[in-house]
Amino acid sequence: QVQLVESGGGSVQAGGSLRLSCAASGYTYISNCMGWFRQAPGKEREGVAASYTGGGKSYYADSVKGRFTISQDNAKNTLYLQMNSLKPDDTAMYYCAAATASFGSGCRTLDHSYFSYWGQGTQVTVSS
């Protein structure tokens, strides 16, 4: 059974940084896509960043390019999201997600329907 557990959220002031972690267990889809999504109150869930577990290209939402970095430690089965220069608009619940498919454009387009497994989320609050 696949489990994704996020951690690292919290409250920071604008301009600050946070590093989110997603510990994966039971996920053995080598070279598949894992990503981060977020959802603010009253808004739809949106893709933040994604990358393939076997390495290679990473994909980012325009709103976070140059500020957020997705990475992974396959030895620890952990996905990370380094968030720098945080803005109040980044305030949201952040979710880790994992896909079972190894083809298709959903990783590149950050399509939430492409991902089969989801964590419970970790809250990020950025104050001005």
Side-chain angles (χ1 to χ4, degrees):
Q1 183 177 356
V2 176
Q3 283 192 316
L4 304 175
V5 180
E6 303 96 334
S7 62
S11 297
V12 295
Q13 289 191 324
S17 299
L18 284 173
R19 187 194 196 200
L20 306 184
S21 299
C22 172
S25 60
Y27 185 67
T28 59
Y29 295 93
I30 298 175
S31 299
N32 279 31
C33 183
M34 292 188 71
W36 290 96
F37 289 75
R38 67 186 181 186
Q39 188 167 18
K43 295 187 178 181
E44 292 186 356
R45 187 170 297 191
E46 64 170 339
V48 175
S51 66
Y52 287 97
T53 56
K57 200 167 183 179
S58 299
Y59 308 99
Y60 297 93
D62 288 343
S63 58
V64 306
K65 280 181 182 176
R67 300 189 298 122
F68 291 11
T69 303
I70 189 171
S71 63
Q72 51 199 270
D73 185 334
N74 290 332
K76 296 182 179 180
N77 291 329
T78 301
L79 184 74
Y80 301 100
L81 184 69
Q82 177 66 44
M83 305 187 296
N84 298 329
S85 301
L86 283 161
K87 305 175 181 180
D89 283 349
D90 296 318
T91 295
M93 185 71 78
Y94 282 71
Y95 298 91
C96 173
T100 56
S102 59
F103 54 89
S105 61
C107 192
R108 174 177 56 82
T109 61
L110 303 176
D111 180 357
H112 69 86
S113 66
Y114 182 76
F115 294 82
S116 301
Y117 301 103
W118 294 84
Q120 293 300 308
T122 185
Q123 178 68 38
V124 172
T125 302
V126 184
S127 58
S128 57

Report the distance from atom [atom1] of [X] to atom [atom2] of [Y], rounding to the nearest 0.5 Å.
X: L79; Y: I70; atom1: CG; atom2: CD1; value: 4.5 Å
X: T78; Y: L20; atom1: OG1; atom2: CG; value: 12.5 Å
X: Y59; Y: L110; atom1: OH; atom2: CG; value: 9.5 Å
X: T91; Y: K43; atom1: OG1; atom2: NZ; value: 9.5 Å
X: D90; Y: S63; atom1: CG; atom2: OG; value: 7.0 Å

Do the side chains of V2 and W36 join up, straight or via other hydrophobic residues, at under 4.5 Å, putting them in one cluster?
yes
Within one Ile-Leu-Val-Met-Phe-Trp-Tyr cluster: Y80 and L86, side-chain cutoff 4.5 Å
no
Check salt bridge (charged side-chain N to carboxylate O under 4.0 Å, His left out) between D62 and all other residues, then give those that pass, not counting sequence neighbours.
K65
Taking [Y]'s backbone N and O only, do any of them form a donor-acceptor pair with [X]'s side chain (distance below 3.5 Å, no angle check)?
X: E6; Y: G121; value: yes
X: N74; Y: N77; value: no
X: T125; Y: S11; value: no

Please list, chain by chain and in numerical order, all residues satisfying side chain to side chain contact (heavy atoms under 4.5 Å, CB included) with [X], sequence neighbours excluded.
X: S85; value: R67
X: A97; value: F37, F115, W118
X: T69; value: Y60, Q82

Residues in side chain to side chain donor-acceptor pair (under 3.5 Å) with [X], at least two apart?
X: R19; answer: none
X: S25; answer: none
X: S51; answer: Q72

Can you give me the closest heavy-atom contact between [X] and [Y], atom names plus distance?
X: G47; Y: A61; result: O-CB, 3.3 Å
X: S128; Y: A14; result: CA-CB, 4.3 Å
X: M34; Y: A24; result: CE-CB, 4.3 Å

Quick one about N32 and T53 (side-chain donor to acceptor, distance below 3.5 Å, no hydrogens or angles considered), yes or no?
no
Under the side-chain hydrogen bond (donor to acceptor under 3.5 Å, both in side chains) definition, can you give me all pairs with a residue in residues 104-114, not counting sequence neighbours?
D111-S113
Give the C-alpha distance, both sets of side-chain angles, the deciding distance and a yes or no for side chain to side chain contact (heavy atoms under 4.5 Å, CB included) between N84 and F68.
CA-CA 6 Å; N84 298 329; F68 291 11; over 6 Å; no
Can you tell me which residue pairs pass the salt bridge (charged side-chain N to carboxylate O under 4.0 Å, His left out) test with a partner in residues 44-55, sequence neighbours excluded?
R38-E46
Residue pairs passing the disulfide (SG to SG under 2.5 Å) test with at least one member in residues 35-80, sequence neighbours excluded, are none
Which disulfide (SG to SG under 2.5 Å) pairs, counting each pair once, include a residue from residues 68-97, with sequence neighbours left out?
C22-C96
Considering residues at least two apart in sequence or located in another chain, which fulfil the ring-ring contact (aromatic ring centres under 6.0 Å, His included) criterion with Y94?
none
Any side-chain heavy-atom pair from V5 and Q120 closer than 4.5 angstrom?
no
Passes side chain to side chain contact (heavy atoms under 4.5 Å, CB included), Y95 versus L4? Steps please.
CA-CA 9 Å; Y95 298 91; L4 304 175; over 6 Å; no
